[in-house]
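Supplied in structure tokens, the structure appears directly below.
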There are 2 protein chains.
Amino acid sequence: MGLQNTLKALSDPIRREILSLLKHKTMSAGEIVDHFSVTGASISRHLSILKEADLIRDTREGKYIYYELNTSVLEEIMLWITELKGEDGHDKNL
Amino acid sequence: MGLQNTLKALSDPIRREILSLLKHKTMSAGEIVDHFSVTGASISRHLSILKEADLIRDTREGKYIYYELNTSVLEEIMLWITELKGEDGHDKNL
DNA sequence: ACTATATTTAACAATTAGGTTAAATGTTAA
DNA sequence: TTAACATTTAACCTAATTGTTAAATATAGT
């Protein structure tokens with residue numbers, strides 16, 4: 001869990017692409033697979049990594065499993081970056 | 001270059017720790033090494049990855065090589081995340 | 001129960017990543 | 001130039017990542 005998992009998950013281009021796809025609409029695993037040139041098995045593992053990182057949520061609907069984006073964990077990254085940048089230099093919320 | 005390199009560089013905990021150290025002051029390679037339990041060679045490779053990603057800059061000063069933080073490339077991540085979150089939902093800059 | 005479809009899991013191969021030690025490079029000072 | 005120190009690079013090892021194909025699981029329809 002945490003920052004480590006999130007950043008690891010984001011460090012793969014296919015996984016980022018998946019997240020971008022899900023920005024527009026939730027999609028079934030199969031629909032997602034169709035957007036890539038790798039096998040379904042490969043995408044499935046990417047999905048499980050994203051899910052593990054809580055960047056996506058899944059709900060089964062009959063035969064299909066739908067994936068939706070969850071951006072809440074991205075806050076942690078934003079925070080870490082903001083802290084690293086140390087806005088504390090030019091008086092923005094002291 | 002770009003987002004991929006940056007995220008890859010950030011996906012390792014030692015490298016993130018190095019960046020955090022450099023937030024406070026620029027440090028020589030040796031000083032950085034002292035903060036970790038791995039060998040200097042290992043840290044040196046981490047430094048080269050961070051440098052490749054342009055997250056740090058180095059300047060030789062005599063025997064020593066000093067490293068300093070460069071946060072400018074983090075903007076790209078912030079942008080990517082912001083875009084993914086799609087603030088376009090509750091009318092903030094339409 | 002059988003078949004078809006959607007998705008995941010297992011087993012394996014190839015590549016990448018991170019660690020170690022030893023050698024190489026660069027710099028300073030005697 | 002030699003010695004000492006700081007740092008990187010090379011060679012090597014192991015573990016993790018990513019991809020593939022084949023088998024397993026889950027659901028729906030007949």
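Naming: A, B, ... by sequence-line order, numbering from 1 per chain.
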Discussion item. Is it the case that the side chain of A:R15 and the backbone of A:K8 share a donor-acceptor pair, with hydrogens and angles ignored and the cut-off at 3.5 Å?
Written reply: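 Side chain of A:R15 to backbone of A:K8, a donor-acceptor pair under 3.5 Å: yes, one is there.
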Discussion item. Tell me whether A:E52 at atom CD has more than 12 heavy atoms from other residues, nucleotides or ligands lying less than 6.0 Å away.
Written reply: no
Discussion item. Tell me which residues in residues 9-19 of chain B lie within less than 4.0 Å of DNA chain D, going by non-hydrogen atoms.
Written reply: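 Listed by number, there are none.
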Item to complete: Identify, between B:G40 and A:I65, the residue whose nearest nucleotide on DNA chain C lies closer to the 5' end.
Response: A:I65
Item to complete: Check whether any side-chain nitrogen or oxygen of B:S28 sits under 4.0 Å from OP1 or OP2 of D:dT7, and answer yes or no.
Response: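 True: B:S28 side-chain N/O within range (under 4.0 Å) of D:dT7 OP1/OP2.
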Practice prompt. Of all the heavy-atom pairs spanning A:D12 and B:Q4, show the shortest one and how long it is.
Written response: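 Closest approach of A:D12 to B:Q4: C-OE1, 4.4 Å.
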Discussion item. Looking at every non-hydrogen atom in both residues, tell me the closest pair between B:V38 and B:I43 and how far apart they are.
Written reply: CG2-CD1, 3.6 Å
Item to complete: Compare side-chain N and O positions of B:K63 against OP1 and OP2 of C:dA29 and report whether any pair is under 4.0 Å apart.
Response: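 Indeed not, no polar side-chain atom of B:K63 lies that close.
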Worksheet item: B:E31 CD to D:dT7 C1': how many Å, rounded?
Response: 14 Å
Response to the item:
Residues of residues 45-59 of chain B with a heavy atom under 4.0 Å from any atom of DNA chain D, listed by number, are none
Fill in: Short N-O contact, A:K85 and B:E75, less than 4.0 angstrom
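Salt bridge present between A:K85 and B:E75.
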Item to complete: Grab the two heavy atoms, one from A:I77 and one from B:I81, that are nearest each other, plus how far apart they are.
Response: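 Result for this residue pair: CG2-CD1, 3.8 Å.
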Item to complete: Could you tell me the separation between the CD1 atom of A:I43 and the P atom of D:dT18, rounded to a whole number of Å?
Response: 12 Å
Item to complete: Can you figure out which of C:dT8, C:dT7, C:dT27 approaches the side chain of A:Y67 most closely?
Response: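 The answer is C:dT8, which lies nearest to the side chain.
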Worksheet item: Looking only at heavy atoms, which two atoms of B:I56 and B:K51 are closest? And how far apart?
Response: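 That would be CG1-N, 3.6 Å.
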Worksheet item: What are the two closest heavy atoms between A:A9 and A:L50, and how far apart are they?
Response: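 Heavy-atom minimum between the residues: CB-CD2, 4.2 Å.
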Worksheet item: Atom NZ of B:K8 and atom P of C:dG18: how far apart are they, to the nearest Å?
Response: 8 Å
Practice prompt. Take atom CE of B:M27 and atom P of D:dT7, then tell me their distance rounded to the nearest Å.
Written response: 11 Å
Fill in: Taking every non-hydrogen atom, the tightest pair across A:E76 and A:L3
OE2-N, 3.3 Å
Worksheet entry | Interatomic distance where CD belongs to A:Q4 and C1' belongs to C:dA17 [whole Å] | 13 Å
Fill in: D:dG19 phosphate, OP1 or OP2, under 4.0 Å from A:T39 side-chain N/O
no
Practice prompt. Using whole Å, report how far CD of A:E61 lies from C1' of C:dT5.
Written response: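 Checked: the CD to C1' distance equals 16 Å.
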Item to complete: Ignoring the backbone of B:V38, work out which of C:dG19, C:dT21, D:dA6 is nearest its side chain.
Response: C:dG19
Practice prompt. Kindly point out which of D:dA26, C:dT8, D:dT7 is positioned nearest to the side chain of A:A29?
Written response: C:dT8
Item to complete: Specify the separation, in whole Å, of atom CZ of A:R60 and atom P of D:dT25.
Response: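 Atom-to-atom, A:R60 to D:dT25, this comes out as 13 Å.
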